[in-house]
2 protein chains.
Amino acid sequence: MAVGIRDVAREANVSPATVSRVLGGKPVNPAMRERVLQAVERTGYRPNLAARRLRSQRSNTIGLIVADIRNPFFTAVSRTIEDIAAQRGMRVILCNTDEDAAKEAAYLDLMAQERVSGVILAPARRKGAGRRPPPRPDFPVVLIDRTIPGATFDCVILENAAMAGELVDHLAQAGHRRIVGLFGADSGTGRERREGFEEASARHALDATSHLIPHGETEGAQMLRDLLCTAERPDAIMASNGVMLLGVLRALRALHIDVPGDIALAGFDNNDWMEFVGQGLTVIEQPVEDIGATAMTMLLDRIDNPDAAARRVVLRGQLVARGSTVPPAGTPAPGTGAPA
Amino acid sequence: MAVGIRDVAREANVSPATVSRVLGGKPVNPAMRERVLQAVERTGYRPNLAARRLRSQRSNTIGLIVADIRNPFFTAVSRTIEDIAAQRGMRVILCNTDEDAAKEAAYLDLMAQERVSGVILAPARRKGAGRRPPPRPDFPVVLIDRTIPGATFDCVILENAAMAGELVDHLAQAGHRRIVGLFGADSGTGRERREGFEEASARHALDATSHLIPHGETEGAQMLRDLLCTAERPDAIMASNGVMLLGVLRALRALHIDVPGDIALAGFDNNDWMEFVGQGLTVIEQPVEDIGATAMTMLLDRIDNPDAAARRVVLRGQLVARGSTVPPAGTPAPGTGAPA
DNA sequence: TTGTAAGCGTTATCAT
DNA sequence: ATGATAACGCTTACAA
């Protein structure tokens, strides 16, 4: 039933080695090559990749470990990665940690057993900031979206602080002064964006407060409820990512607060639906294709050159200005107004 | 450098076979088992999965081939599948065809080379309806979301016609009479939903027209433009899936037609943002977890029992009624009104 | 229960 | 350029 390379060899009257060479693109007499190819065709031979890997010690497989496969940011990046891998004749093993560090560790171990050529990892949130980094794996790793403190991996991330700053600039320009920033407490990304937010808020002398919100949406919602029921309701809310933006939207809806009528909403990640809620949400769009392609390139580079110094690629996002930053009632038109 | 099973065996003063048995959960003297486990720990041994597969002829790997990884429906299903696979100690190879039948064929071939235990396949759209089915693969396949005409695979799909009918019932109940239905021309799913739409429209004696729209969004947008610029603008539009819904939204925005003010919009797939556009979109929510879990269960069943008859599981969705079906101007309140 | 040894299907080495 | 052969690291008869 199962046809092997020896069967093909017999069919073509050549040695198994020659068949292997033909399939591997090694130099072979054209006539023989043709004969082999036909024999492959006739026999319906399919190389056994497990055997090939065992013998060649190359898996041509990469692991893709993402923190949340349902987050459009990660799926967009995954698409690019899978695409490039396929072009290169590489397989992608999909791993979804659901933000669970234990699962992440298990997957990294699994990847070792798979003898993957490398791994692209979007790390799960680290609960305690003082978590020790994972033991140095014996395969190349490229981090995306978030870094792991204390570990020196290649990584490709967004210029988080600067982009958060741009968003604040934009909000300030639109006349917003009381701004609340919501950032993930358990990721470096969240903390960096917060820093940028703080810095820019100070620069504009805004009445801004930022909050690190822990994982669960419930806590975030509760915090938001408290914030919005204060005497002076903020003009605008800025959220650290697309998922959080959705959570804020849900909380606002529950409080019957209209966007952008009662409050402006802005944040990170440009999901395809964001132009349709309210007057459209203003966001920093991440260069998802670039991120995927860069990560893949870095990984392939690293596979070829395991001992080079770790590189850190920082990409810029793009501000997509939309209607949700309409100025609060009674504000001078943008461009003519106050901002420093 | 690379520590193998023989190294562990030596370290534990047992034979390689015993190590293998310990790791495979086979009966072994508890004392020895402990010794082996410690030796594994000390040596940092990681089984080579390629070798294991080659020898055992079992890959413990499934292929997941989806038509569009960016479609939230597929990512939701993927999440469940990956999760169950991980629980069972199986790997998932991710393949994204981007609706390209050629890529799909290439991936199926690749899966054969991987000697996967089975494949879960969300088929790409078949351009010409008369496309011949793929050659019978030598591994189990479970289809999700769409079937392949002429091929007898296990499959788990939505009760498309009935659900489309329910949606029409709902629209009719809300007082809509001029309804336009937009359905994908190149998938059985689209055609089934259309049938249900037609049947229900006739039953309610609605002024309904349905259109099969080909792949590209541009064509769809053009068609929509024509439809909406007729003398009598429809009350409601119904679209075949979440992606299409987004396309319609985009087209309507370009024409400055408000949802749900000027026109109601409803469709399939309940994406997390849909409650926030307009007054919320009314949709048929697919049981994505069920679909994933069922597909996985069927696949595992089929792996155990390759020669059983093909099964077809048809799941019901759930109508999520939201504000976009507010009645058109001057309509009796729902429940008291006209519907047959 | 444990050890010995063969072999899974391929590629790499070494002759020719 | 091609062929014979060993070896990749593991599991599984089979023997003890």
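All chains are named by letter (A, B, ...) in the order of the sequence lines, taking the proteins before the strands, and each is independently numbered beginning at 1.
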Worked check of side-chain contact (heavy atoms from CB on, under 4.5 Å) between A:Y45 and A:D7
CA-CA 8 Å; A:Y45 167 69; A:D7 301 300; over 6 Å; no
Using the side-chain contact (heavy atoms from CB on, under 4.5 Å) rule, take B:Q113 and A:N48 through it: C-alpha gap first, then chi angles, then the decisive distance, then the call.
CA-CA 5 Å; B:Q113 300 182 192; A:N48 181 322; over 6 Å; no
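- Helical stems in DNA chain C, defined as runs of 3 or more consecutive Watson-Crick or G-U wobble pairs with both donor-acceptor distances under 3.5 Å, are listed by first residue as C:1-16 with D:1-16.
- From the 5' end on, the contacts that DNA chain D makes with chain A at under 4.0 Å to a non-hydrogen atom open and close at D:dA1 to D:dG9.
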Its contact letters, B for base, S for sugar-phosphate only and - for none at protein heavy atoms under 4.0 Å, make nucleotides 9-16 of chain C read BBBB----
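- Put simply, the side chain of B:R125 never gets that close to the backbone of B:P123: no donor and acceptor are under 3.5 Å apart.
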Considering only distance and modelled atom types, tabulate donor-acceptor pairs under 3.5 Å from the side chains of residues 18-25 of chain A, sequence neighbours left out.
{"residue": "A:T18", "atom": "OG1", "partner": "A:S15", "partner atom": "OG", "Å": "3.4"}

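- When the shell of 6.0 Å around CD of A:E41 is examined, it contains 12 or fewer heavy atoms from other residues, nucleotides or ligands.
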Residues 63-75 of chain A side chain polar contacts: donor-acceptor under 3.5 Å, at least two apart:
{"residue": "A:D68", "atom": "OD1", "partner": "A:R70", "partner atom": "N", "Å": "2.9"}
{"residue": "A:N71", "atom": "OD1", "partner": "A:F73", "partner atom": "N", "Å": "2.9"}
{"residue": "A:T75", "atom": "OG1", "partner": "A:P72", "partner atom": "O", "Å": "2.9"}

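- Minimum interatomic distance between B:A293 and B:T80 (heavy atoms only, all atoms of both residues): N-CG2, 3.7 Å.
- Other residues, nucleotides and ligands contribute over 12 non-hydrogen atoms within 6.0 Å of the CZ atom of A:R42.
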Salt bridge (Lys or Arg N to Asp or Glu O under 4.0 Å) between B:R126 and B:E104, worked out:
CA-CA 11 Å; B:R126 298 289 185 258; B:E104 181 180 296; 2.6 Å; yes
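- With respect to B:V8, the side chain to side chain contact (heavy atoms under 4.5 Å, CB included) criterion is satisfied by exactly one of B:V3, B:L37, B:V14: B:V3.
- If you run side-chain hydrogen bond (donor to acceptor under 3.5 Å, both in side chains) between A:R302 and each of A:D307, A:T297, A:D154, only A:D154 comes through.
- Between B:C155 and B:T147, the shortest heavy-atom distance links the atoms SG-CG2, 3.7 Å.
- A heavy atom closer than 4.0 Å to some atom of DNA chain C occurs in no member of residues 32-43 of chain A.
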